[in-house]
Amino acid sequence: MLDLKRLRRDVELVKKELKKRGGDYDHQLEEFANVDAERRSILSSVEALKHERNVVSDAIARMKKAKENAADQIEKMRAVSQKIKEMDGLLSEKEEAIHNILMSLPNVPHSSVPEGNDSADNPVLKTVGSVPDFDFQPLDHWTIGEQLGILDFKRAARMSGARFALYFGQGAQLERALINFMLDIQTGHGYREVLPPFIVNRTAMTATGQLPKFEEDLFKLEGLDYFLIPTAEVPVTNIHQGEILDEEDLPLYYAAHTACFRSEAGSYGKDTRGLIRQHQFNKVEIVKFTTPETSYDELEKLLKDAETVLERLEIPYQVITLCSGDLGFSAAKTYDIEGWMPGQGAYREISSCSNFEDFQARRAGIRFRKKGRKGTRLVHTLNGSGLAVGRTVVALLENYQQADGTVVIPDALRPYMGGAERIVSIDEVLS
RNA sequence: GGAGAGAUGGCCGAGUCGGCUGAAGGCGCUCGCCUGCUAAGCGAGUGUGGGGGGAAACUUCCACCGAGGGUUCGAAUCCCUCUCUCUCCGCCA
């Protein structure tokens, strides 16, 4: 949610900045200005009436105490109260209209965000590691996984449908190993581990910006106002919903492993095979609550924290800055980390690190105060994947595949895999 | 699932028959005083959101005592609905 006062002050500037996103918000912003003016005019008259009511009610109390007759005053106030009730009704209509507009406006891109229309315009910030050179034709991960017997999409489809996977043996172990590996790295960076609920209510989803606009992307529990989380960002950011934090406690760092659930509505035909785009996947998420002054420094650090995982796994990757047209609804600035996936012959998103500034904090009511000082300010919230586990499995299988069909386990991960040096066929393990 | 109790400011906690209670008291915090240091003591201040005024310090008005409705001239106090918390019984990983 954008700052109401800022919209009042510089509607034209906000119009210009939102235009960079590509959508057209002029109409909504103009309607905002109109309704807001109406609201304020109603507000001042209804407040005057309320003031009168307060004063006269007080007088009535004194008259009654003095055993005087207050019938005239009471009669007069009956009419005033009626009027107040009518105007209050009108006022809340205006307020709701303003709220609806505010909730549907995306965040303003940060000044450092490059302008562009879509993902084709995202500049590459840096490239790390060199793409592996195979002396055989590298396979895609679903072929590798199925040949080894560690991934099974057919049976998963039988019980759940498309976009679900079964992991077996060292495949399941690999997923679990990566989760622990990532959590250990991030807690080592100072993040506090947290295991949040995977189901949240509408308020929480609205606070982080998934609602009201993107309900079709979510899995909703039938007949209940509960949703499966699409990312740990939702429950973790909502840890401090409605709280006033002490400035000296900031920044706060959290790391959480959760399953994530996405309906993937509108992505039919995209990445239909393999682990890239699943309805359910694991992710380790890192989340920060900071002061406004430090949030962009913290974003750079958060990005580095996410990168560490790929560095330690020795998987080549690049970092891109999302251009204004490709930015998510709530984000002011986003970096994507893309891991090299030989089976796809492309860099694919494996982490997304964003600064939301006060956009989520305003919706969620997360503020901070300097001890002893009066007044509160909104915190800045940030988060990033550290990393998407399923996609890391993809990168790992495809980058570390061998001519004989086995997959070498990177050194850093071996302690988490019971010391194993490679992933071999399940049949081989059994024989 | 059945029965009962509760939800007040950063925290604890009082609010009688509805009327100077935005809210006693305490803790915490800030500033000042005092004291070799620390601690203790003394004095003052200390909620949030919104509208108006002011360059600002600040000031004025409105709202807020879990959320939403209702009764009333007037509600933290009365009524209804919902949410959450706690206790007991049942069931259960």
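Values below: every heavy atom of this structure, side chains too, minus hydrogens, waters and symmetry copies. In what follows, chains are A, B, ... by sequence order, proteins preceding strands, each numbered from 1.
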* Structure fact -> Under a 3.5 Å limit on both distances, the Watson-Crick or wobble mate of B/A75 is none
* According to the Watson-Crick and G-U wobble definitions, with both distances under 3.5 Å, which nucleotide is paired to B/A57? -> none
* Structure fact -> Rounded to whole Å, CZ of A/Phe368 lies from P of B/U48 at a distance of 13 Å
* Asked: Reckon A/Thr376 has a side-chain N or O less than 4.0 Å from the OP1 or OP2 of B/G10?
  -> no
* Asked: What integer number of Å spans the C1' atoms of B/G28 and B/G10?
  -> 8 Å
* Considering only atom C1', compute the distance from B/U46 to B/G22 and round it to an integer number of Å. => 14 Å
* Distance between C1' atoms of B/A75 and B/C65 (Å, rounded) -> 11 Å
* **N/O donor-acceptor pair under 3.5 Å between A/Arg262 side chain and A/Arg277 backbone** => no
* **Gap between atoms CG and C1', on A/Asp225 and B/C84 respectively (whole Å)** => 16 Å
* Write down the distance between NE2 (A/His99) and P (B/G50), rounded to a whole number of angstrom. => 13 Å
* Whole-Å distance between B/U21 P and A/Asp58 CG? -> 10 Å
* **Between B/G10 (P) and A/His240 (NE2): distance, integer Å** => 16 Å
* To do: For the pair A/His240 and A/Phe289, name the ring-plane relationship: parallel under 30°, tilted 30 to 60°, perpendicular over 60°.
  => perpendicular
* Flag, side chain of A/Lys20 to backbone of A/Glu115, donor-acceptor distance under 3.5 Å -> no
* Asked: C1' atom, B/G19 versus B/A76: distance in rounded Å?
  -> 13 Å
* Are the side chain of A/Arg414 and the backbone of A/Ile409 linked by a donor-acceptor contact shorter than 3.5 Å? -> yes
* Is there a donor-acceptor contact under 3.5 Å from the side chain of A/Ser295 to the main chain of A/Glu357? -> no
* Asked: Which parts of nucleotides 54-75 of chain B does protein reach within less than 4.0 Å, heavy atoms only, written one letter per nucleotide 5' to 3' as B for base, S for sugar-phosphate only and - for none?
  -> -------BBS-------S-BS-
* Report the distance from atom CZ of A/Arg363 to atom C1' of B/G49, rounded to the nearest whole Å. => 19 Å
* To do: For B/U83 versus B/C27, give the span between their P atoms, rounded off to a whole number of Å.
  => 39 Å
* Could you check which nucleotide pairs with B/G4 in any of the strands shown, counting Watson-Crick or G-U wobble with both distances under 3.5 Å? => B/C86
* Across all strands, who's sitting opposite B/C20 as a Watson-Crick or G-U wobble pair, both distances under 3.5 Å? -> none
* Complement of B/C64, any strand, by Watson-Crick or G-U distances under 3.5 angstrom -> B/G47
* Asked: Should the pair A/His279 and A/Phe219 be assigned to parallel (<30°), tilted (30 to 60°) or perpendicular (>60°) ring geometry?
  -> perpendicular
* Taking atom P in both B/C79 and B/G4, compute the distance separating them and give it to the nearest angstrom. => 16 Å
* To do: Hunt down the Watson-Crick or G-U wobble partner of B/C42, both distances under 3.5 Å, from any strand shown, or write none.
  => B/G32
* Asked: Rounded to whole angstrom units, what separation is found between the CZ atom of A/Arg367 and the C1' atom of B/U48?
  -> 6 Å
* Spacing between A/Ile42 atom CD1 and B/G50 atom P, to the nearest angstrom -> 19 Å
* Do the side chain of A/Arg21 and the main chain of A/Asn107 share a donor and acceptor less than 3.5 angstrom apart? -> yes
* To do: Please tell me which of A/Arg62 and A/Arg40 maps to the more 5' nucleotide of RNA chain B, matching each residue to the nucleotide holding its nearest heavy atom.
  => A/Arg62
* Quick one: look up who B/A93 pairs with, Watson-Crick or G-U, both distances under 3.5 Å, and put none if it's unpaired. => none
* To do: Spell out, as yes or no, whether a donor-acceptor pair under 3.5 Å connects the side chain of A/His257 to the backbone of A/Leu183.
  => no
* Asked: Under 30°, 30 to 60°, or over 60°: which ring-plane class applies to A/Phe261 and A/Phe198, parallel, tilted or perpendicular?
  -> tilted
* To do: Could you work out the separation of B/A40 and B/G66 based on their P atoms and round it to a whole Å?
  => 34 Å
* Quick one: is B/G51 close enough that its OP1 or OP2 comes under 4.0 Å of any side-chain N or O from A/Arg8? -> yes
* When rounded to the nearest Å, what value does the distance between P atoms of B/A3 and B/C82 take? -> 14 Å
